[in-house]
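This report refers to the structure that appears directly beneath it.
Since we're looking at a predicted model, the values are computed, not measured. Values below: every heavy atom of this structure, side chains too, minus hydrogens, waters and symmetry copies.
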Amino acid sequence: MKKKVVVKSLKSLAIAATFAFGISAFGTAADASVIPSEPPVKTVEPEAFDETVKTYKKSSLLSIGLGGSLLEPLLGKVQVDVVSQKDVETTEGTISTGGIVQADITDSMLLGNTHVGVAEKTSIKTDDYTYDYSGLAQVDIEGSIVGDAHVGLVETEVVETDEYKASRDSLALIELNNPITGKVSIPVGSVEEFENKNPGNGDDNEDPGDDDPGNNDDPGNNDDPGNNDDPGNGGGDDELPVTGSAMDSTLLVIASLFLMAAGFVVRKLNFKRA
């Protein structure tokens, strides 16, 4: 009787231990599946920024992004932002851009890299330059099947470096660059300004080669005995006749003709007397 009680007790303990182990294992597996190893991102794209980006901030009323379709190699990636502002700081500098409409097409076999901006303003600052642009409307096309192009309306562009500052204001500007037309620029109501911050101080005009003995003072040029003082050239003026001008030669020819005519007349007269 006691053996049956002991056996039943052992069976109960084994069942309880197995049940407890199963619950523990199930709980561990459930915890591992609930917390993913990587963040399940749905809207942000942290991998889109490289290691040079320090800060990034973007706001927009409407943003549309198209890509990943079968037509992407032909049409490229499309990004359209409406009433947007973007500020980025990198290890190379900062860029701030915004506008009512900003649309970009990248890596398109037809349109290349195309940018369209309406009421757009862009500012870039680096250690080497500052760049500011504002325009009522602009279209920039680079690397398309028809070449490169820029069309701008009521735009202002200013670039400044340590060496110069240049600016341009235009009511309208059309620029084309393709194998058929070459480079074509058509500005309308345009004003350009340029400032050289490091103008030449005149040192470039005083070339050491001007005073080099090998130029004006070289004995082989003006003072070379083989030129002016050579007996075969100008040094033997006392021994060789000096050639006169063209007028002197003409007079000598005329005089010779007169002498020949006079001799001919004298000979005729002597022949008749004889």
Evaluate the side-chain proximity of [Y] to [X]: yes if any heavy-atom separation is below 4.5 Å, no if none is.
{"X": "E92", "Y": "T126", "result": "no"}
{"X": "E142", "Y": "H115", "result": "no"}
{"X": "Y131", "Y": "I95", "result": "no"}
{"X": "S170", "Y": "E192", "result": "no"}
{"X": "Q85", "Y": "S96", "result": "yes"}
{"X": "L110", "Y": "L74", "result": "yes"}
{"X": "Y133", "Y": "I124", "result": "no"}
{"X": "E120", "Y": "T97", "result": "yes"}

Does [atom1] belonging to [X] count more than 12 external heavy atoms closer than 6.0 Å?
{"X": "D50", "atom1": "CG", "answer": "yes"}
{"X": "K58", "atom1": "NZ", "answer": "yes"}
{"X": "K197", "atom1": "NZ", "answer": "yes"}
{"X": "D127", "atom1": "CG", "answer": "no"}

Single-linkage hydrophobic cluster, 4.5 Å side-chain cutoff, [X] and [Y] together:
{"X": "L66", "Y": "L62", "value": "yes"}
{"X": "L153", "Y": "V184", "value": "no"}
{"X": "V78", "Y": "L70", "value": "no"}
{"X": "V139", "Y": "V146", "value": "no"}
{"X": "I180", "Y": "I186", "value": "no"}

How does the hydrophobic cluster around L173 look, that is, which other residues are in it when side-chain heavy atoms under 4.5 Å mark a link?
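Joined to L173, directly or through intermediates: none.
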Mind checking who shares a hydrophobic cluster with L171, ILVMFWY linked at side-chain heavy-atom distances under 4.5 Å?
none
Salt bridge check: are K86 and D81 linked by an N-O gap of less than 4.0 Å?
no
Residue that, paired with N113, satisfies side chain to side chain contact (heavy atoms under 4.5 Å, CB included) out of I105, D140, D107:
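Going through the options one by one, the only one that passes is D107.
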Rounded to the nearest 0.5 Å, what's the gap from CG on N178 to NZ on K183? Could you check?
12.0 Å
For the pair T114 (side chain) and L111 (backbone), establish whether a donor and an acceptor sit closer than 3.5 Å, ignoring hydrogens and angles.
yes
Specify whether Y56 and F49 have parallel, tilted or perpendicular ring planes, treating 30° as the upper limit for parallel and 60° as the lower limit for perpendicular.
tilted
